[in-house]
Amino acid sequence: MLDSATIATIKATIPALVQTGPKLTAHFYDRMLNRHPELKNVFNMSHQTNGDQREALFNAICAYAANIENLAAILPAVEKIAQKHTSLNIRPEQYAIVGENLLASIDELLHPGQEVLDAWGKAYGVLANVFIEREQQIYQETALQPGGWEGLRAFRISRKQPQSAVICSFELEPVDGQSVIDFQPGQYLSIYLNDESLEFQQIRQYSLTQAPNGRHYRIAVKREQGGKVSNYLHDVAKEGDVVQLAAPHGDFFLEIPATTPVALISAGVGQTPMLGMLNTLFRQQHEAPVFWLHAADNGSVHAFADEVVSIASQMPALTRHIWYREPGAEDEIGIHFESRGLMDLTPLREMLNIPGMHYYFCGPVGFMQFVARQLLDLGVAPEYMHYECFGPHKVL
């Protein structure tokens with residue numbers, strides 16, 4: 001626990017932190033990665049280039065400072081980060097590196113004096129211990145489950161299949177032939193790639209798109225313009241190749257009773273965690289109404305359309321509705337999609353306003369903000385809305 005003097009000192013630094021902004025975390029990352037280039041094998045360097053990771057860390061630091069007296073308020077954020085850290089195999093000794101460079105960055109940018117640095121050192125130590133203890137618990141729980149493991153495990157690409165013009169799916173089977181751990185629908189896998197064409201080890205997270213089966217996993221990868229990993233997986237990786245995987249992780253998942261209605265809302269590749277949820281609900285023969293609401297530019301980039309149609313034909317409780325922003329000449333309304341333009345939930349107001357319904361959504365941040373505003377307008381309480389950002393977390 002932190003003493004009152006330390007808490008007061010931390011809270012007094014908040015205005016200076018806010019004024020400095022993400023410049024502080026940019027300095028931190030540059031400093032740390034220059035002194036510890038081995039960490040470039042852990043961090044997604046594209047998130048460093050576009051500033052997303054720096055903004056996310058800055059927001060986390062400010063949230064911690066603001067809630068220094070009430071750590072319970074930040075526990076949901078701790079869980080999200082701890083799940084990501086365990087997918088990256090972060091270890092306790094790395095927290096010392098982060099702490100050293102964070103304090104040095106505060107000193108070099110703000111020159112606050114030793115008293116403030118000592119207070120932040122104590123505060124960081126408390127938070128680091130919270131993460132270390134939770135992450136150790138996750139590692140142990142995962143390793144002890146049937147089919148579980150800690151660290152990395154070799155998997156072979158057993159099937160590579162184009163699902164649209166921009167999305168390809170990969171089935172992954174363990175090289176050792178043993179069973180694989182189950183997961184919660186909505187969670188992700190971390191894939192580790194080491195290839196001479198890649199400057200550093202590359203680690204990426206991809207949502208699991210099937211229901212757990214104990215034998216293999218399936219992920220889906222969208223080709224991103226300039227994306228080192230997505231283009232490698234699309235163009236270079238082939239069936240028979242071996243990759244390393246961390247066990248499934250993630251704090252965004254579906255866990256509801258069979259009597260709870262649910263809406264699965266997505267745009268583009270944001271449907272991948274939704275697809276894992278849908279396949280699980282189908283396997284469980286979910287009793288309550290299920291709505292599959294998806295938006296795509298057109299049919300050429302609409303992945304897994306046939307799979308969802310097949311599920312709908314066997315799942316009476318499922319209602320599907322598809323929006324195409326700019327349908328192609330070959331896309332037929334009523335067959336390939338139901339509505340043109342952006343996803344407008346207003347015509348579905350009566351269907352979607354079921355008491356107790358939960359709403360899960362994923363896609364570009366702007367899309368999720370658009371969906372969240374519509375749901376709020378429908379009278380949906382925030383506690384019934386659940387969402388996932390690909391990459392560093394953002395608050396909608």
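Since the structure is predicted, the reported quantities are computational estimates derived from the model, not experimental observations.
- More than 12 non-hydrogen atoms from other residues, nucleotides or ligands lie less than 6.0 angstrom from CG of N70.
- Summarising the geometry, atom CD belonging to E115 is positioned 8.5 Å from atom OG1 belonging to T6; distances are rounded to the nearest 0.5 Å.
- One side chain, S169 or Q163, offers a donor N or O that lies under 3.5 Å from an acceptor on the other.
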>> Under the criterion side chain to side chain contact (heavy atoms under 4.5 Å, CB included), I'd like the reasoning laid out for N353 against L348: C-alpha separation, chi angles, the key distance, then a yes or no.
In response: CA-CA 8 Å; N353 231 341; L348 308 180; over 6 Å; no

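- For the residue pair G363 and M368, the shortest heavy atom distance occurs at O-CE, 3.4 Å.
- For the pair Q374 (side chain) and M343 (backbone), a donor-acceptor distance under 3.5 Å is present.
- Q210 places a side-chain heavy atom less than 4.5 Å from the side chain of N213.
- There is a path of hydrophobic side-chain contacts, each under 4.5 Å, that joins L33 to I97.
- For Y232, the OH atom is densely surrounded, since the number of other residues' heavy atoms within 6.0 Å is greater than 12.
- Between the side chains of T86 and E135, not a single donor N or O lies within less than 3.5 Å of an accepting N or O.
- Seen from the ring of Y188, R204 does not count as a face-on cation partner, given the 6.0 Å and 45° thresholds.
- In this structure, Y64 contributes its side chain and A123 its backbone to a donor-acceptor pair below 3.5 Å.
- Ring-plane geometry between F131 and H85 is classed as tilted, the angle between the planes lying from 30 to 60 degrees on a 0 to 90 degree scale.
- Note on F367: it clusters hydrophobically with L345, by side-chain heavy-atom contacts below 4.5 Å among ILVMFWY residues.
- Checked by atom type and distance alone, the side chain of H321 never pairs as donor or acceptor with a backbone atom of T319 at under 3.5 Å.
- Scanning all heavy atoms of the two residues, the minimum distance from R153 to P174 falls at NH2-CB, 3.6 Å.
- Not a single donor-acceptor pair under 3.5 Å links the side chain of N231 to the backbone N or O of Q225.
- In the hydrophobic clustering of this structure, I311 does not group with V309; members are Ile, Leu, Val, Met, Phe, Trp, Tyr whose side-chain heavy atoms approach within less than 4.5 Å, directly or through other members.
- Remark: side-chain polar atoms of D107 are not paired, donor with acceptor, to backbone N or O of L117 under 3.5 angstrom.
- Note that the CE atom of M277 and the CZ atom of F253 stand 9.5 Å from one another [nearest 0.5 Å].
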Please tabulate, one pair per line, all N/O donor-acceptor pairs under 3.5 Å involving side-chain atoms of residues 286-300, not counting sequence neighbours.
from	atom 1	to	atom 2	distance (Å)
H286	NE2	T260	O	2.7
H294	ND1	S266	O	3.4
H294	ND1	S266	OG	2.8
D297	OD1	R325	NE	3.0
D297	OD1	R325	NH2	3.4
N298	OD1	S300	N	3.0
N298	OD1	S300	OG	2.5

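- E150 contributes no side-chain N or O that, together with a main-chain N or O of A143, makes up a donor-acceptor pair within less than 3.5 Å.
- Heavy atoms only, all atoms of each residue included: Q83 and R134 are closest at NE2-NH2, 4.0 Å.
- Aromatic ring centres of Y29 and F43 lie closer together than 6.0 Å.
- Of the residues listed (L189, T272, V269), the one engaging S207 in a side chain to side chain contact (heavy atoms under 4.5 Å, CB included) is T272, and it is the only one.
- With H111 contributing its side chain and E108 its backbone, the two residues share a donor-acceptor pair below 3.5 Å.
- In this structure, the separation between CD on Q94 and CZ on R91 is 8.5 Å, given to the nearest 0.5 Å.
- The CG atom of L2 lies 7.5 Å from the CD1 atom of I10; values are rounded to the nearest 0.5 Å.
- In this structure, CD1 on I138 lies 5.0 Å from CD on E79, to the nearest 0.5 angstrom.
- The only member of D195, N194, N41 that meets side-chain hydrogen bond (donor to acceptor under 3.5 Å, both in side chains) when paired with Q201 is N194.
- Here R218 pairs with E307 in a salt bridge; the nearest charged N to carboxylate O distance falls below 4.0 Å.
- The distance from atom CD of Q244 to atom CZ of F155, rounded to the nearest 0.5 Å, is 9.5 Å.
- At distances below 3.5 Å, at least one donor-acceptor pair connects side-chain atoms of S230 with backbone N or O atoms of E224.
- Counting only heavy atoms from C-beta outward, the side chains of T25 and Q53 never approach each other to under 4.5 Å.
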>> The test is side chain to side chain contact (heavy atoms under 4.5 Å, CB included); show your working for V371 and Y359 and say whether it passes.
In response: CA-CA 10 Å; V371 168; Y359 306 79; over 6 Å; no

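- In this structure, the side chains of V308 and L275 come closer than 4.5 Å at one or more pairs of heavy atoms.
- L127 and M32 fall within a single hydrophobic cluster, where Ile, Leu, Val, Met, Phe, Trp and Tyr are joined by side-chain heavy atoms under 4.5 Å apart, directly or via other members.
- The two residues I74 and A63 make their nearest non-hydrogen contact at CG2-O, 4.1 Å.
- Side-chain rings of H302 and Y324 approach one another, their centers coming within less than 6.0 Å.
- The nearest pair of heavy atoms linking D235 to K160 is N-NZ, 4.3 Å.
- A donor-acceptor contact under 3.5 angstrom links the side chains of Q314 and S310, judged on distance only.
- For the pair W120/L103, a side-chain contact is recorded, criterion being any heavy-atom separation below 4.5 Å from C-beta on.
- In terms of hydrophobic clustering, with Ile, Leu, Val, Met, Phe, Trp and Tyr side chains grouped at heavy-atom distances under 4.5 Å, V42 and L193 are assigned to different clusters.
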> Do S105 and L24 pass the side chain to side chain contact (heavy atoms under 4.5 Å, CB included) test, and can you show the C-alpha distance, the side-chain angles, and the key distance before you say yes or no?
Replying inline: CA-CA 7 Å; S105 296; L24 172 65; 4.2 Å; yes

>> Go through it in stages, so that I can follow the logic: the residues are W149 and I181, the test is side chain to side chain contact (heavy atoms under 4.5 Å, CB included), and I'd like the CA-CA distance, side-chain angles, deciding distance and then a yes or no.
In response: CA-CA 8 Å; W149 71 95; I181 188 174; 4.0 Å; yes

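- For K11, the NZ atom is densely surrounded, since the number of other residues' heavy atoms within 6.0 Å is greater than 12.
- Residue N101 is tested with R31, R35, H27 for a side-chain hydrogen bond (donor to acceptor under 3.5 Å, both in side chains); the sole match is R31.
- E239 has its side chain out of reach of S158: every pair of non-hydrogen atoms, C-beta onward, lies at least 4.5 Å apart.
- The two atoms that bring G151 and N89 nearest to each other are CA-OD1, 3.2 Å, heavy atoms only.
- The aromatic ring centres of H386 and H358 sit less than 6.0 Å apart.
- When side chains are defined from C-beta on, Y95 counts as touching Y124, because their heavy atoms get closer than 4.5 Å.
- Between E332 and F337 there is no side-chain heavy-atom pair separated by less than 4.5 Å.
- Within a 6.0 Å radius of CD in E38, other residues, nucleotides and ligands contribute more than 12 heavy atoms.
- Here the side chains of Q161 and C168 are not in contact, with every heavy-atom distance at 4.5 Å or above.
- A salt bridge does not link R340 with D331: every distance from a Lys NZ or Arg NE/NH1/NH2 to an Asp or Glu carboxylate oxygen is 4.0 Å or more.
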